[in-house]
Amino acid sequence: MNAFTARPKTRLLVDGGDPEETDRVKRLVGYVDGQTTNPTLVAKTPEVQKLVSSGQKFTSQEELDEYKKIVQSISRLVGDAGVSIEVFADLDTTGEQMLAQGREMFSWIPNAYIKYPCTHEGLRAAEMSVRDAIRVNITLCFSQEQAAAVYAATRGAKAPVYVSPFVGRVDDRGENGMDLVKNIKQMYEAGDGHVHVLAVSIRHLKHLLGSFASKAELVTAPSKVWEEWAASSFPLPGADFNYEGTDKAGKSLRPIAYQSFDLNRAWASFDLHHELTTKGIQQFVADYKSTLKPS
Ligand code: E4P
């Protein structure tokens, strides 16, 4: 067990695709509320890598079966923040196709959250899912306006909806990713609380502490960040904590200004385009395909 004096209010998730890693973090921290997975992380799991490097690639059905096995092992290790399972979507996948995958994945485990990309089709799938009581996590969120659309598209959801702003990837392009989390939290203060902010793309301890300080409801981090947190004796941010990140060249990050959006607007009227959302989908598709047999 760990030496916690106080648990963070933010719920803790492991970002990965290897059940052994989740188990290790659980022993280190004392508990794990949930898990996030994505096609890149699944492609990198030791089981999948072993087969791929020996030249035995998967059919798409075998890949899905492998994903299901991984998710079922992880499900037992984590709490009710659930396991986020990502649908396989490229830029042409329709909302109906995503929903069909989501329905199946949702039946794999009792604590599933289905991850849809923050695109027009992804939000159509999310809108249909919440009507059917399928829990959702909207991923690849890079702007406050996208998060406004997530709120509007999922209004009326029975279970909390997650939105996943990508802190590290925003930092990578020189903007302060933690501002994105803070701005979304501030915007949602005017709402009904049905969307919870899940800070993702967490690369180091400062990101973790910044997520706690921004009062994100949830944060997901890879095992190496949880190990860093444990090695520093589980610090929590003080009231004066301010996230001051730098880009890869060591330059200070540019602040992201807060914008006002009316959360009561029709969701499709928001501008959903973001180049990093498109790039993220393309990367996930490439990583997924790298594990498949040529058809
Ligand atoms: C989790 O849901 C995200 O897919 C993950 O945190 C992305 O992390 P990365 O930006 O380090 O790839």
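These numbers come from the heavy atoms of this one structure, side chains and all, not from hydrogens, waters or symmetry mates. Indexing begins at 1, ligand by ligand and atom by atom, following the structure's order. As the structure is a prediction and not an experimental result, all values here were calculated from the model.
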Among protein heavy atoms, which sits nearest to [atom], and what does the distance come to when rounded to 0.1 Å?
atom: atom 4 (O) of ligand 1; answer: N38 ND2, 2.7 Å
atom: atom 5 (C) of ligand 1; answer: D15 OD2, 3.1 Å
atom: atom 7 (C) of ligand 1; answer: F166 CE2, 3.5 Å

Which value, rounded to the nearest 0.5 Å, describes the distance between K68 atom NZ and S107 atom OG?
->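 Interatomic distance, K68 NZ to S107 OG, rounded to 0.5 Å: 6.5 Å.
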N/O separation below 3.5 Å, S201 to ligand 1 =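 Min N/O separation from ligand 1 is below 3.5 Å for S201.
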If we only count N/O pairs under 3.5 Å, is R203 in contact with ligand 1?
->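 Yes; at least one N/O pair falls below 3.5 Å.
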With a 4.0 Å cut-off on heavy atoms, does T139 reach ligand 1?
->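 No, T139 has no heavy atoms under 4.0 Å from ligand 1.
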Sub-4.0 Å heavy-atom contact, K115 with ligand 1 =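 Contact check K115 vs ligand 1: positive.
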Indicate yes or no: does D171 engage R254 in a salt bridge with an N to O separation below 4.0 Å.
->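 Salt bridge absent between D171 and R254.
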How would you list all residue pairs meeting side chain to side chain donor-acceptor pair (under 3.5 Å) that involve residues 78-98, not counting sequence neighbours?
->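 Residue pairs passing side chain to side chain donor-acceptor pair (under 3.5 Å), neighbours aside: R11-D80, S84-N137, E86-K115, D90-T93, T94-Q97, E96-R124.
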Relative to the heavy atoms of R169, which atoms of ligand 1 are at a distance of less than 4.0 Å?
->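 Taking each heavy atom of R169 in turn, ligand 1 has 7 (C), 9 (P), 10 (O), 12 (O) under 4.0 Å.
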Test ring-ring contact (aromatic ring centres under 6.0 Å, His included) applied to F234 and W226, F212, W229, the passing residue =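 The ring-ring contact (aromatic ring centres under 6.0 Å, His included) with F234 is passed solely by W229 among W226, F212, W229.
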Could you tell me whether R265 sits above the aromatic face of F270, with NZ or CZ closer than 6.0 angstrom to the six-membered ring centre and within 45 degrees of the axis?
->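 Here R265 passes the 6.0 Å and 45° test against F270.
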Check: S129/Y116 side-chain N/O donor and acceptor closer than 3.5 Å |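 Yes, side-chain donor-acceptor contact under 3.5 Å.
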